[in-house]
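Below is one structure, written out as structure tokens, with a few remarks after it.
Quick note: numbers below take in every heavy atom, side chains included, and nothing from hydrogens, waters or symmetry partners.
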Amino acid sequence: MVLLVLLSLLQGLGGCSYFIERQTSNAAEQLSATILNHEDPETVSAAIPTLLILMDSYASGDNSSGDAKLAAAKLYGAYAGAFVDDPLRRKTLTSTAFRYARTGSCKNDYTWCGLERLDQHAFTEFMAQVDGQQIEMVYAYAVAWLSYIEAHSDDWNAIAELPKPQQMFDFVVEQDEAYDNAGAHLYLAALSLTIPPALGGKPDVGRQHFERAIELTQGRNLVIQLEYARRYARLMFDRDLHHQLLMSVIEADPQQEGLTLMNIWALQQAQYLLDDESEYFD
């Protein structure tokens with residue numbers, strides 16, 4: 001089972017405002033903005049390992065803040081999903097991301113300690129008690145968990161945990177469906193499309209999530225259209241929709257505040273899919 005390659009580098013890098021902590025928060029925020037609006041994904045990819053090491057210096061150890069650990073979880077998971085192809089490295093990096101998510105949430109709220117060990121019934125009861133003000137922590141935990149599961153898709157014990165991050169994304173949608181540029185809708189769409197329709201998948205649900213995400217972001221987040229084409233149109237063998245979505249990415253202005261980096265990445269990926277369109281659908 002192959003899940004959505006986690007592309008939401010936006011929320012990962014957005015967390016960088018924590019990693020230099022309050023003493024230099026303005027500089028950290030400026031760094032985040034610069035990265036998010038950078039026009040060359042390859043330059044950012046080359047720079048992130050250095051940021052990961054710097055992040056570790058703030059997030060590792062018992063004295064580091066829960067927020068710093070959660071920011072590390074976001075960056076590790078995002079980097080592994082967007083830029084790392086080697087399966088072993090992805091397992092290592094997403095394991096680190098999930099560990100930071102667990103320890104960070106536990107440090108911020110002791111009731112979250114050991115959350116990953118709860119059975120489904122206990123987990124559902126826990127989520128029913130979560131405060132809506134904890135949406136950021138829920139989202140960071142869910143993204144790290146899903147990135148871990150995707151990288152460990154050869155482990156059925158990991159796959160069995162899928163309903164739990166899905167439940168967390170459902171919580172985010174209930175609280176604020178536009179959160180992180182409708183990121184929860186994007187992940188829920190991918191989860192709905194993981195299983196082919198003939199085996200019980202829910203492509204109509206996935207399409208609804210994609211359409212809602214596009215509506216919420218007013219088409220500014222081009223990753224949504226890209227994944228809509230890759231995950232839904234190809235699965236359903238809908239060539240017209242596939243072409244329409246990819247052309248909407250190609251023809252869009254990628255220069256959008258806070259989205260430029262990933263929009264340019266999406267544009268590059270859309271061109272690859274277009275080049276492969278005839279071979280795939282013929």
Using a 3.5 Å distance criterion without hydrogens, assess whether the side chain of D176 forms a donor-acceptor pair with backbone atoms of A178.
yes

For the residue pair L146 and L191, establish whether any side-chain heavy-atom pair is separated by less than 4.5 Å.
yes

Would you say the ring centers of Y179 and Y139 fall short of 6.0 Å from each other?
yes

Correct closest heavy-atom pair for A101 and L70 would be O-CD2, 3.8 Å

Do NZ/NE/NH1/NH2 and the carboxylate oxygens of K91 and D154 come within less than 4.0 Å?
yes

Validation row: W265, P254 side chains within 4.5 angstrom (heavy atoms)
no

At their closest point, which heavy atom of F98 faces which heavy atom of E116, and how far apart are they?
CZ-CB, 4.0 Å

Report yes if some heavy atom in the side chain of W156 is under 4.5 Å from a heavy atom in the side chain of I159; otherwise report no.
yes

Considering all heavy atoms, the nearest P165-I149 contact:
CG-CD1, 3.9 Å

Cluster partners of F281, using ILVMFWY side-chain heavy atoms under 4.5 angstrom, listed by chain and number?
F237, Y280

Is there a donor-acceptor contact under 3.5 Å from the side chain of K164 to the main chain of L118?
yes

Quick one: does any side-chain atom of N263 pair with a main-chain N or O of R220 as donor and acceptor, under 3.5 Å?
yes

Can you give the donor-acceptor pairs under 3.5 Å from side chains of residues 239-247 to other protein atoms, not counting sequence neighbours?
residue: R239; atom: NH1; partner: D282; partner atom: OD1; Å: 2.9
residue: R239; atom: NH2; partner: S278; partner atom: OG; Å: 3.4
residue: H242; atom: ND1; partner: E277; partner atom: OE2; Å: 2.9
residue: H242; atom: NE2; partner: R234; partner atom: NE; Å: 3.0
residue: H243; atom: ND1; partner: E277; partner atom: OE1; Å: 2.8
residue: H243; atom: ND1; partner: E277; partner atom: OE2; Å: 3.4

Are the side chains of E211 and Y228 in touch, meaning some heavy atoms are under 4.5 Å apart?
yes

Below 4.5 Å, heavy atoms only, C-beta onward: do D56 and Y76 meet side chain to side chain?
yes

Separation of H185 NE2 from L216 CG (nearest 0.5 Å)
5.5 Å

Crowding at CG, D275 (>12 non-hydrogen neighbours, <6.0 Å)
yes

Can you list the steps and then say if E150 with R90 is a salt bridge (charged side-chain N to carboxylate O under 4.0 Å, His left out)?
CA-CA 9 Å; E150 190 277 333; R90 291 189 69 199; 2.3 Å; yes

Would you confirm whether S60, through its side chain, and S57, through its main-chain N or O, come within 3.5 Å as a donor-acceptor pair?
no

Partner of Y141 under ring pair (Phe, Tyr, Trp, His ring centres under 6.0 Å), picked from Y100, W112, F123, is W112

Which atom pair, heavy atoms only, marks the closest approach of F171 to D131?
CZ-O, 3.7 Å

Main-chain N/O of N108 paired with K69 side-chain donor or acceptor, under 3.5 Å:
no

